[in-house]
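Heads up: numbering here begins at 1 and tracks the sequence. Given the structure is predicted, the values throughout are model-derived calculations rather than measurements.
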Amino acid sequence: MAAFANPDAAAIRDLLEQARTIAVVGASPNAARPSHGVSAALQRFGYRIIPIHPTAERILGEPVLPDLADLAEPVDIVDVFRAPE
């Protein structure tokens, strides 16, 4: 099996240009958290975000799903935030 290699900059740019909806796993309602800042930036860039958080109800004005398995529609990208530990 070939080792995984990150896509080059052109492939990443193409993906981001085509994407419209991004699920953000680990999205936080806390504005001090990186996942919140990234989610807000994605919204500013015109992406629709679907926050995934087990207990929050709304993040950045969007309804929150408790689990990625609860998605009822396809998404273009899944952005995952995890605690370092």
Side-chain angles (χ1 to χ4, degrees):
M1 178 192 317
F4 175 79
N6 284 322
D8 62 25
I12 293 170
R13 184 178 45 254
D14 289 344
L15 175 65
L16 291 172
E17 287 174 351
Q18 295 174 27
R20 295 291 165 249
T21 304
I22 301 175
V24 184
V25 177
S28 176
N30 179 346
R33 300 306 274 275
S35 63
H36 186 91
V38 169
S39 296
L42 290 169
Q43 283 183 323
R44 284 193 307 274
F45 289 127
Y47 296 102
R48 175 176 172 240
I49 65 159
I50 301 174
I52 310 293
H53 186 283
T55 61
E57 292 184 23
R58 292 189 85 75
I59 296 175
L60 295 166
E62 298 291 336
V64 177
L65 295 177
D67 191 279
L68 194 58
D70 295 318
L71 280 171
E73 61 187 282
V75 296
D76 301 306
I77 297 173
V78 176
D79 194 359
V80 179
F81 287 85
R82 293 191 46 178
E85 62 275 3

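With hydrogens and angles disregarded, no donor-acceptor distance shorter than 3.5 Å links the side chain of D76 to the backbone of I22.
A search for side-chain hydrogen bond (donor to acceptor under 3.5 Å, both in side chains) contacts involving E73 returns R48, not counting sequence neighbours.
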Check the pair D79, I49 against side chain to side chain contact (heavy atoms under 4.5 Å, CB included), reporting the backbone distance first and the verdict last. CA-CA 10 Å; D79 194 359; I49 65 159; over 6 Å; no
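Contact of the I12 side chain with the N6 side chain is not registered, since no non-hydrogen atoms from C-beta on lie closer than 4.5 Å.
One hydrophobic cluster holds both I50 and V80 under the rule that ILVMFWY side chains link at heavy-atom gaps under 4.5 Å. V78 and L15 fall into different hydrophobic clusters, where Ile, Leu, Val, Met, Phe, Trp and Tyr are joined by side-chain heavy atoms under 4.5 Å apart, directly or via other members.
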Compile the donor-acceptor pairs under 3.5 Å between side chains in residues 58-72 and protein atoms, sequence neighbours left out, one pair per line.
from: R58; atom 1: NH2; to: G61; atom 2: O; distance (Å): 2.5
from: D67; atom 1: OD1; to: A69; atom 2: N; distance (Å): 2.7
from: D70; atom 1: OD2; to: D67; atom 2: N; distance (Å): 3.2

Could you pull out every donor-acceptor pair under 3.5 Å between side chains of residues 24-38 and any protein atom, sequence neighbours left out?
from: S28; atom 1: OG; to: N30; atom 2: N; distance (Å): 3.0
from: N30; atom 1: OD1; to: A32; atom 2: N; distance (Å): 2.8
from: S35; atom 1: OG; to: G26; atom 2: O; distance (Å): 3.1
from: S35; atom 1: OG; to: S28; atom 2: N; distance (Å): 3.1
from: H36; atom 1: ND1; to: S28; atom 2: O; distance (Å): 2.8

